[in-house]
Amino acid sequence: TEPTLRGETVKVQVSLPECKGNTCPDFSVERLQSNFPFIDQLLDQEILNQLSKMLEIVDTDTAASTVQTTEQKQNLDAQAQLYANSFIKIDEELKALSSSHQISLMIKPKILQSKGTLATVVLNSSSYLGGAHGSTSQRYYNFDLINQKQVQLNDLLLPKQKATLDKLAHDAFKVWIVDTKLANNPEEYEQAWPFKLTDNFLLGEQGLILQYAEYEIGPYVVGLPRLVIPFNKLQGVLKPEYLPKVEAPAASTPVANKSP
């Protein structure tokens with residue numbers, strides 16, 4: 001039986017001050033509870049990594065004394081509370097300047113592909129902590145359920161094909177620059193935004209999708225750019241198990257010649 005990733009998201013439990021009205025700070029962090037504990041544990045750590053990018057723990061004494069339990073859920077709840085405390089502190093500081101501020105933070109995983117060669121979970125996050133605009137991110141995590149391990153982009157490649165993938169991705173980047181009307185000359189654009197190969201990927205229906213973060217290969221206005229390399233260009237680059245299965249044509253039945 002082919003293993004299948006099944007699960008649901010549950011809210012991480014943190015305490016926030018009581019608040020009424022449409023300017024209340026919104027802190028919403030969810031975690032995955034699935035039938036594969038190794039995935040849940042990896043995502044718990046990634047959630048903490050995301051929180052660390054968004055917020056700084058202000059109460060270092062409390063952080064140092066946080067009891068590290070063996071229960072992953074309790075550990076995540078306790079550490080998320082430290083970031084929630086920082087979040088509330090930001091809200092208090094902004095409210096002191098203007099009562100109309102509403103800040104928000106959201107992190108939520110979602111199972112995209114539950115079985116097959118790769119199971120895929122996306123971790124969506126967004127935040128607005130004051131300033132000109134908010135921030136969003138999409139991070140994909142791919143798993144081999146049979147061997148219970150995370151699969152990285154390099155794991156998909158046949159030997160000595162990294163340079164080929166780099167070139168295919170760079171070509172897709174140049175096409176994206178022109179198609180999105182960011183510049184007529186990709187070489188000029190790359191002087192400000194040089195190409196880089198991301199390790200954030202998923203296998204889509206049409207090809208390999210490379211997902212970039214804000215400000216990674218373009219200005220804020222382009223959002224979260226994606227480059228797609230079609231599967232037909234990845235023959236001989238990706239291992240066969242990561243390419244679509246091509247069904248062999250049905251053998252035709254020979255027709256006997258009838259004598260006149």
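Computed over heavy atoms, backbone and side chain alike; hydrogens, waters and symmetry mates excluded.
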Undergrad: Write down the atom of C24, the atom of Q102, and the distance for their closest heavy-atom approach.
TA: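 Minimum heavy-atom separation between C24 and Q102: O-NE2, 3.1 Å.
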Undergrad: Contact between V29 and V14 at the side-chain level, heavy atoms closer than 4.5 Å - yes or no?
TA: no
Undergrad: With a 4.5 Å limit on heavy-atom distance, are the side chains of N142 and L156 in contact?
TA: no
Undergrad: With the 4.5 Å side-chain cut-off for hydrophobic clustering, are I90 and Y128 part of the same group?
TA: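 No, it is not one cluster - the side chains of I90 and Y128 are not joined through contacts under 4.5 Å.
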Undergrad: For residues L208 and F231, report the shortest heavy-atom separation together with the two atoms involved.
TA: N-CE2, 4.2 Å
Undergrad: Above 12 or not: heavy atoms from other molecules or residues under 6.0 Å from NZ of K110?
TA: no
Undergrad: Can you sort out the partners of E8 under side chain to side chain contact (heavy atoms under 4.5 Å, CB included), two or more places apart, ordered by chain and number?
TA: V10, Q33
Undergrad: Would you indicate whether the side-chain heavy atoms of L203 and T117 approach each other to under 4.5 Å?
TA: no
Undergrad: Give, for atom CD1 of I39 and atom CG of D44, the distance between the pair rounded to the nearest 0.5 Å.
TA: 12.0 Å
Undergrad: Considering only heavy atoms from C-beta outward, does the side chain of I217 approach that of W176 to under 4.5 Å?
TA: yes
Undergrad: Which residue pairs pass the salt bridge (charged side-chain N to carboxylate O under 4.0 Å, His left out) test when at least one of the two sits in residues 89-103, sequence neighbours left out?
TA: D91-K95
Undergrad: Below 4.5 Å, heavy atoms only, C-beta onward: do L123 and L32 meet side chain to side chain?
TA: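 Not touching, per the 4.5 Å side-chain cut-off.
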Undergrad: How about V12 and I107: do any of their side-chain heavy atoms sit closer than 4.5 Å?
TA: no
Undergrad: Kindly state each residue pair satisfying salt bridge (charged side-chain N to carboxylate O under 4.0 Å, His left out) with at least one member in residues 135-150, sequence neighbours excluded.
TA: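 Applying salt bridge (charged side-chain N to carboxylate O under 4.0 Å, His left out) to every pair that reaches into residues 135-150, excluding sequence neighbours, yields R139-D199.
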Undergrad: Measure from the side-chain N and O atoms of Q113 to the backbone N and O of K115, and report whether any donor-acceptor pair falls under 3.5 Å.
TA: yes
Undergrad: Between I209 and G204, what is the shortest heavy-atom contact and its length?
TA: CD1-CA, 3.9 Å
Undergrad: Applying side-chain hydrogen bond (donor to acceptor under 3.5 Å, both in side chains), which residue pairs with at least one partner in residues 200-215 are found, sequence neighbours left out?
TA: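 Counting only pairs at least two positions apart or across chains, the side-chain hydrogen bond (donor to acceptor under 3.5 Å, both in side chains) contacts touching residues 200-215 are H133-Y215, S135-E214, T136-E214, Q211-R226.
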Undergrad: Can you measure from CD1 (I146) to CD (Q148) and round to the nearest 0.5 angstrom?
TA: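 It comes to 10.5 Å.
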Undergrad: Please name the pair of heavy atoms, one in A169 and one in L197, separated by the smallest distance, quoted to 0.1 Å.
TA: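 Where A169 meets L197 most closely, the heavy atoms are CB-CD1, 3.7 Å.
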Undergrad: Please answer whether the main-chain N or O of E56 pairs with a side-chain N or O of S86 as donor and acceptor at a distance below 3.5 Å.
TA: yes
Undergrad: Under the criterion side-chain hydrogen bond (donor to acceptor under 3.5 Å, both in side chains), I'd like the reasoning laid out for D77 against Q81: C-alpha separation, chi angles, the key distance, then a yes or no.
TA: CA-CA 6 Å; D77 287 348; Q81 182 65 57; over 6 Å; no
Undergrad: Measure across L158 and P240 and return the closest heavy-atom pair with its distance rounded to 0.1 Å.
TA: CD2-CD, 4.2 Å
Undergrad: What distance do F143 atom CZ and L118 atom CG have between them, rounded to the nearest 0.5 Å?
TA: 10.0 Å
Undergrad: Using the ring pair (Phe, Tyr, Trp, His ring centres under 6.0 Å) criterion, which residues pair with F87? Sequence neighbours excluded.
TA: F27
Undergrad: Side-chain contact test, heavy atoms from C-beta onward, threshold under 4.5 Å: evaluate it for F36 versus P3 and give yes or no.
TA: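 Side chain of F36 against side chain of P3, heavy atoms only: contact under 4.5 Å found.
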Undergrad: Can you list every pair that meets side-chain hydrogen bond (donor to acceptor under 3.5 Å, both in side chains) and has a residue in residues 183-194, with sequence neighbours left out?
TA: H170-E190
Undergrad: With a 4.5 Å cut-off on side-chain heavy atoms, are P17 and C19 touching?
TA: no
Undergrad: What distance do L5 atom CG and T120 atom OG1 have between them, rounded to the nearest 0.5 Å?
TA: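 Result: 9.5 Å between the selected atoms.
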Undergrad: If I take atom CG from residue L145 and atom CZ from residue F38, how far apart are they, to the nearest 0.5 angstrom?
TA: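 Rounded to the nearest 0.5 Å, the CG-CZ separation comes out at 6.0 Å.
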Undergrad: Would you name the heavy atoms of L76 and I47 that are closest together and state the gap between them?
TA: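 Heavy-atom minimum between the residues: CD1-CG2, 4.3 Å.
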Undergrad: Nearest 0.5 Å, please: how far is CD in Q161 from NZ in K239?
TA: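 Those atoms lie 12.0 Å apart.
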Undergrad: Do we see a donor-acceptor contact under 3.5 Å between the side chains of S125 and S137?
TA: yes
Undergrad: In this structure, are over 12 heavy atoms from other groups packed under 6.0 Å from L97 atom CG?
TA: yes
